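Worksheet: the structure to be examined is printed underneath.
None of the values given here were measured: they were computed from a predicted structure. Both ligands and their constituent atoms are indexed starting at 1 by order of listing. Both backbone and side-chain heavy atoms feed into the values below; hydrogens, waters and symmetry mates do not.
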Amino acid sequence: MATLKIENLTKTYPNGVKALNGINIEISNGMFGLLGPNGAGKSSLMRTLATLQEADTGSAFLDDIDILKNPTELRKVLGYLPQEFGVYPKITAYELLDHIAILKGISNGKKRKELVEYLLHKVNLYQQRHKSVKGFSGGMKQRVGIAQALVGSPKLIIVDEPTAGLDPGERNRFHNLLADVAEDVIIILSTHIVADVTELCSNMAIMNLGEMVYQGTPQNVIAELNGKVWEKIIERSEVDNYRKTHTVISDKMVAGKPLIHVLSDTNPGDGFNSVAPNLEDVFFTKIHVSSETKA
Ligand code: ADP
């Protein structure tokens, strides 16, 4: 059982943007969802944990490994799947994994072959192992990405915005693969897609403007909103007005008309119906509240 402990992590970029503003968080084995809108600071946090950039202050430990002071140690037990998984033009899936395994210090040829073949089976790409990765679909590339992140028995796997660009079938397969792997390691899944977290993660955090605005289980945070979310289908021309008079946490189109969700402790009347809150409501509520208090 590994534990990742982050304390008071801050990072201000040279242009003055405070991307991490005192982050505290503790994460154990399993899938952890880090949810936040674009610009929240997720990638800054992921890159810091992946030892690709430095923080200004604070600490981050994976068990007894000091991530900030001893990046080399961390890299031995880290698997990282970045947003853009770039590959060399002609390399095959087999060659790529073999190459990563060499970089990670697996020098015994027989062991390396066994490992690469095992991983290719695991991500269901064995049949295509001698094909160029460049020609793979988005989902297949992501599976190669996961396979390379698994080389060397990592304790911590960081996956940054993984499902952007995947079709629903590919996304499902990718989710299953992650869930399968997550039993033995810490996987942090950073995403702006609420459904990724709902489907996969037993623990989560919501980030906005460089701060953690929630940490816990999806169930608990959803329970906080019980009885407080109301929905109504309105006309498109009415959206702005409703925004002025109600706390609108989301609007989406249903059969061509906006369906709005508003937050209210009491029944707003006026044709609103009570609705069971979902994680998307939570996400928009937390973002809304934290942005309002900062503004
Ligand atoms: P997210 O991954 O949640 O979209 P990021 O960590 O990429 O968030 O960005 C957080 C904030 O920091 C944003 O305002 C972004 O514009 C800014 N930012 C990110 N990287 C840099 C950088 N290298 N230099 C300056 N500002 C940056």
Q. Under 4.0 Å from atom 16 (O) of ligand 1, is there any protein heavy atom?
A. no
(Q) Exactly one of L35, L34, I188, T191 should register a side-chain contact (heavy atoms from CB on, under 4.5 Å) with K42. Which one does? (A) L34
Q. Under 4.0 Å from any heavy atom of K42, which atoms of ligand 1 are there?
A. 1 (P), 2 (O), 3 (O), 4 (O), 6 (O), 8 (O)
Q) Identify the closest protein heavy atom to atom 23 (N) of ligand 1: which residue and atom is it, and at what distance? A) Y13 CE2, 3.7 Å
Q. Do the side-chain N and O atoms of T92 and R129 include a donor-acceptor pair separated by under 3.5 angstrom?
A. no
(Q) What I want to find out is whether D196 reaches R171 closely enough, with some N-O distance under 4.0 Å, to be called a salt bridge. (A) yes
Q) Tell me, which protein residue and heavy-atom name are nearest atom 25 (C) of ligand 1, and how many Å apart are they? A) N15 ND2, 3.2 Å
Q: May I ask whether M46 places a heavy atom under 4.0 Å from ligand 1?
A: no
(Q) Give the atom numbers and elements of ligand 1 that come within less than 4.0 Å of a heavy atom of A40. (A) 1 (P), 3 (O), 8 (O)
Q) I157 and side-chain contact (heavy atoms from CB on, under 4.5 Å): which partner among L150, V77, L78? A) L150
Q: Scan side-chain atoms only and decide if E211 and N21 contain a donor-acceptor pair under the 3.5 Å cut-off.
A: yes
**Q.** pair R243-E238: side-chain heavy atoms closer than 4.5 Å
**A.** no
Q. Atom 8 (O) of ligand 1: which protein heavy atom is closest, and how many Å away?
A. G41 N, 3.0 Å
Q: Could you tell me whether R47 and D160 make a salt bridge, using a distance below 4.0 angstrom between a side-chain N and a carboxylate O?
A: no
(Q) For the OH atom on Y118, are there more than 12 heavy atoms of other groups (residues, nucleotides or ligands in this structure) within a distance under 6.0 Å? (A) no
Q.
With a 4.0 Å cut-off on heavy atoms, is G39 in contact with ligand 1?
A. yes
Q | Numbering as shown, the atoms of ligand 1 that approach R47 to under 4.0 Å (heavy-atom distance) | A | 20 (N)
**Q.** Under 4.0 Å to a heavy atom of S43 - the qualifying atoms of ligand 1, by number
**A.** 1 (P), 2 (O), 6 (O), 7 (O)
**Q.** Ligand-side contact atoms (ligand 1) for residue partner V17, heavy atom cut-off under 4.0 Å
**A.** 11 (C), 12 (O), 14 (O), 17 (C)
Q.
Within the 3.5 Å criterion, strictly below it, is a donor on Y13 or Q53 matched to an acceptor on the partner's side chain?
A. yes
Q. So do the side chains of F272 and S264 get within less than 4.5 Å of each other, counting heavy atoms only?
A. no
**Q.** Atoms of ligand 1 close to N38 [distance to a heavy atom under 4.0 angstrom, numbered from 1]
**A.** 4 (O)
Q. Any protein heavy atom under 4.0 Å from atom 21 (C) of ligand 1?
A. yes
Q: With heavy atoms of P37 as the reference, note each atom of ligand 1 found under 4.0 Å away.
A: 3 (O)
Q: Give yes if a backbone or side-chain nitrogen or oxygen of S44 is under 3.5 Å from a nitrogen or oxygen of ligand 1, and no if not.
A: yes
